[in-house]
Colleague: 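Sharing a structure here in structure tokens format.
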Amino acid sequence: MSLLGVGSSGLAAAYAAINATSNNIANVNTPGYSRQNVVQTTVPGQFSSGGFFGRSSGGFFGRGVTIESIRRAFDAQVNGQVQFSEAQSAEAATQSRLMRTVDELFAADDVGVGNALDNFFSSMTQASSRPSDIASRAAVISSGLQLVSRLNQASSQIDEQGRNVDLGIRATVVQINSLAQKIGRLNEAIALARGSGQTPNDLLDQRDEVVRQLNTQVGVSTLEQSDGSLNVFVSSGAALVVGTTPASMSIGFDLTDPQKQLVGLSSANGATTINLQLSPASLNGGALAGQMKFRDTNLVDAKNELGRLATAIASTFNAIHAAGTNMNGTAGQALFTLPAPVALPSALNTGTGAISVSVAAASGLKPSDYRIDYNGSQYTITRLQDGAKSTTASMPVTLDGIAITLTGTPAAGDSFQLQPVRNAAAGIKLAFSDPRTLAFGLSNASGDNRNALALAAVAEQATLGGLTFSQALGEISAKVGATARGLETSASIADKLLTQARSEQSSVSGVNLDEEAAKLIRYQQAYQASAKVIATAQTLFQTLIDMGR
């Protein structure tokens, strides 16, 4: 290569480097952009045996420089850690944010269930000292209505949060499907660009950014293929994107609980379509996991805690009240009414078995749902709150304060879901509104307050799990608060880990303006020097031409 060619190659290389550096500076604030570097390599030397101007020396003489590639600063391991941290942080932040609303609900003592419960006990104590006073009796009715109203309202607010989370899950699923489609399109474009033998850096950055966004919605893992395309999987191993083909997430409903919204994933495997149900346990991070865990665990626990309290209040007062006599001279009736416990058969059951549930001992109730599985010879009862299992070969059976009975004949593989207390707070009612119906006496004698004293004494009795009702409510509030604080701590830790991962990624792939400015000066000088080489070559050639004249 001539001296002119060497200078031209240097000029082109310096120009490419200046262009890459300028592009880095321009994209310093572009999300997901990875710094690009020009990879230069020397052109193989040309052998000359005769030397110059007849001299005997020879050898390999350099022929300049060439651009091998434009390489992005990228570390797959660091990038993978950022994506994982994004998923964990998004899940923790979502669950923590949602849990704060439940904590605020139980912390509102001045307007919440705790205040209403105290007022009810206070009115009952005052009425016990004046059992014949209609005004005192009316105050008991009023405070009782207030108590059930607060329980109904608290349960309704929990249900409203559940509906809002379901709407959020639907929106998240739409976002996940949209991002999966983008990855499929980028895979196609990258595979086509890779056919040229060069790496499409900008397309790769775009795809990495979409994968990062996807991880904020659902935790995924990736596997690069030989053509440059990226297969994407959720943590359960189900494919979300294969090559250019995205799977589709959809919303369905639980066969054992028609009100429970489920998330499914449909992906094609050749001519076969695979449909999978995604549970919170099968998801490793992302807002979707946080939403589902909050709805299926935190909200259910809170509603069951409230329902257990409502059931125990109603059962305890009803038993005492039924033993008394009212002002009409008749026996007392139930003071509160409760909705019946729920037993739901799976839609996949093939037998004729039907389960019914009733409260046998309110003091033994647990704030949990249950699942019953029948294998053809025995029943396995799982307490869903903590996974505790018990088995029985026959029905009926009493467990955790609930009586379970069976009619019909179940088939092997049949299952049932029990919700003994979940709906109690939503459906508790005061059984009557006539103050004269309150059974304050144990006889027809005027001024008999013995049963009223027994009703008032409930306030100080360790009725529910060794606690008074007020203490039990305080324990519920403490549990919710502890859960909220624990999730907040987890979210803070996950955010710090994400910040560290992003910092490491920035050190590898980020644009440092000071470094780029220094490079720009160096490449500018190289460009000017190469231009000087070309000018020198022109002068030499012109001198040779002039010598030949």
Side-chain angles (χ1 to χ4, degrees), residues 113-152 306-341 358-365 398 401-403 420-421 424-425 427-474:
V113 175
N115 181 263
L117 187 61
D118 290 341
N119 290 340
F120 179 68
F121 285 136
S122 177
S123 66
M124 190 69 75
T125 299
Q126 293 177 14
S128 67
S129 63
R130 298 188 295 273
S132 300
D133 182 27
I134 295 298
S136 296
R137 287 170 168 264
V140 172
I141 295 295
S142 176
S143 60
L145 289 171
Q146 183 188 53
L147 175 59
V148 299
S149 175
R150 294 288 171 80
L151 287 167
N152 297 160
L306 205 60
R308 180 180 73 145
L309 178 66
T311 301
I313 289 173
S315 299
T316 302
F317 278 101
N318 286 351
I320 297 173
H321 193 262
T325 303
N326 60 35
M327 293 185 73
N328 299 320
T330 58
Q333 63 187 72
L335 186 58
F336 298 97
T337 60
L338 287 170
S358 61
V359 176
S363 61
L365 290 172
T398 300
I402 58 174
V421 298
I428 188 173
K429 302 294 180 186
L430 200 64
F432 52 84
S433 59
D434 183 3
R436 299 178 62 86
T437 311
L438 286 169
F440 280 172
L442 293 177
S443 67
N444 292 329
S446 177
D448 187 350
N449 69 343
R450 287 175 293 174
N451 209 44
L453 290 171
L455 290 168
V458 171
E460 304 300 327
Q461 293 174 1
T463 307
L464 188 58
L467 301 174
T468 66
F469 287 132
S470 294
Q471 289 172 340
L473 183 59

Colleague: Going by the angle between their ring planes, with limits at 30° and 60°, are Phe469 and Phe317 parallel, tilted or perpendicular?
Modeller: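 Parallel, since the angle between the ring planes stays under 30°.
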Colleague: Any luck finding a side-chain donor-acceptor pair between Asn119 and Ser143 under 3.5 Å?
Modeller: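 Their side chains do not contain a donor-acceptor pair, so the 3.5 Å distance test is not met.
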Colleague: For the atom pair CG (Leu453) and CE (Met124), what is the distance rounded to the nearest 0.5 Å?
Modeller: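 Going from CG on Leu453 over to CE on Met124, the span is 11.0 Å.
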Colleague: Is it the case that the side chain of Asn451 and the backbone of Ile320 share a donor-acceptor pair, with hydrogens and angles ignored and the cut-off at 3.5 Å?
Modeller: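 Checking the backbone N and O of Ile320 against the side chain of Asn451, a donor-acceptor pair under 3.5 Å is found.
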Colleague: Looking at every non-hydrogen atom in both residues, tell me the closest pair between Val148 and Lys429 and how far apart they are.
Modeller: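 Distance-wise, the nearest heavy atoms are CG1-C, 4.1 Å.
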Colleague: Looking at Arg450 and Ser443, what are the two nearest heavy atoms and their distance?
Modeller: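 It is NH2-OG, 3.7 Å.
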Colleague: Any donor and acceptor pair, going by atom type alone, linking the side chain of Ser123 with main-chain N or O of Phe120 inside 3.5 Å?
Modeller: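 Yes.
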Colleague: Do the side chains of Leu117 and Ile313 get nearer than 4.5 Å, heavy atoms only?
Modeller: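 Heavy-atom side-chain distance check passes, below 4.5 Å.
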Colleague: For Ala310 and Ile428, work out which heavy atoms get closest and say how close.
Modeller: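 Where Ala310 meets Ile428 most closely, the heavy atoms are O-CD1, 3.8 Å.
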Colleague: Of all residues at least two apart in sequence or in a different chain, which pass the side chain to side chain contact (heavy atoms under 4.5 Å, CB included) check with Thr325?
Modeller: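 Side chain to side chain contact (heavy atoms under 4.5 Å, CB included) list for Thr325, sorted by chain: Asn444.
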Colleague: Is there a donor-acceptor contact under 3.5 Å from the side chain of Thr316 to the main chain of Ala312?
Modeller: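 Side chain of Thr316 to backbone of Ala312, a donor-acceptor pair under 3.5 Å: yes, one is there.
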Colleague: With a 4.5 Å limit on heavy-atom distance, are the side chains of Gln126 and Asp133 in contact?
Modeller: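 No. Closest side-chain heavy atoms not under 4.5 Å.
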Colleague: Search all heavy atoms of Ala362 against all heavy atoms of Ser315 and return the closest pair with its distance.
Modeller: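 Looking at all heavy atoms of both residues, the closest pair is CB-CB, 3.7 Å.
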Colleague: Considering only heavy atoms from C-beta outward, does the side chain of Val140 approach that of Phe440 to under 4.5 Å?
Modeller: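 Yes, at least one pair of side-chain atoms sits under 4.5 Å.
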Colleague: Distance check, rounded to the nearest 0.5 Å: Arg137 atom CZ versus Asp434 atom CG?
Modeller: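 Answer for the CZ-CG pair, Arg137 versus Asp434, is 9.0 Å.
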Colleague: Closest heavy-atom contact between Ala424 and Leu338?
Modeller: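 The answer is O-CD2, 4.0 Å.
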Colleague: Between Asn449 and Pro131 (side chain of the first, backbone of the second, donor and acceptor by atom type, cut-off under 3.5 Å), is there such a pair?
Modeller: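 Between the backbone of Pro131 and the side chain of Asn449 there is no qualifying donor-acceptor contact (under 3.5 Å).
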Colleague: Sequence neighbours excluded and cut-off under 3.5 Å, please list the side-chain donor-acceptor pairs for residues 330-337, or say none.
Modeller:
from   : atom 1 : to     : atom 2 : distance (Å)
Thr330 : OG1    : Asn326 : OD1    : 3.1
Thr330 : OG1    : Asn326 : ND2    : 2.9

Colleague: Give me the atom names and distance for the closest heavy-atom approach of Ile141 to Ser433.
Modeller: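 Shortest heavy-atom contact: CG2-O, 3.9 Å.
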Colleague: Just wondering, more than 12 heavy atoms not from Glu460 lying within 6.0 Å of its CD?
Modeller: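 At most 12 heavy atoms, drawn from other residues, nucleotides or ligands, come within 6.0 Å of this atom.
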Colleague: Please round to the nearest 0.5 Å and tell me the distance separating atom CG of Leu464 and atom CG of Leu365.
Modeller: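 Result: 7.5 Å between the selected atoms.
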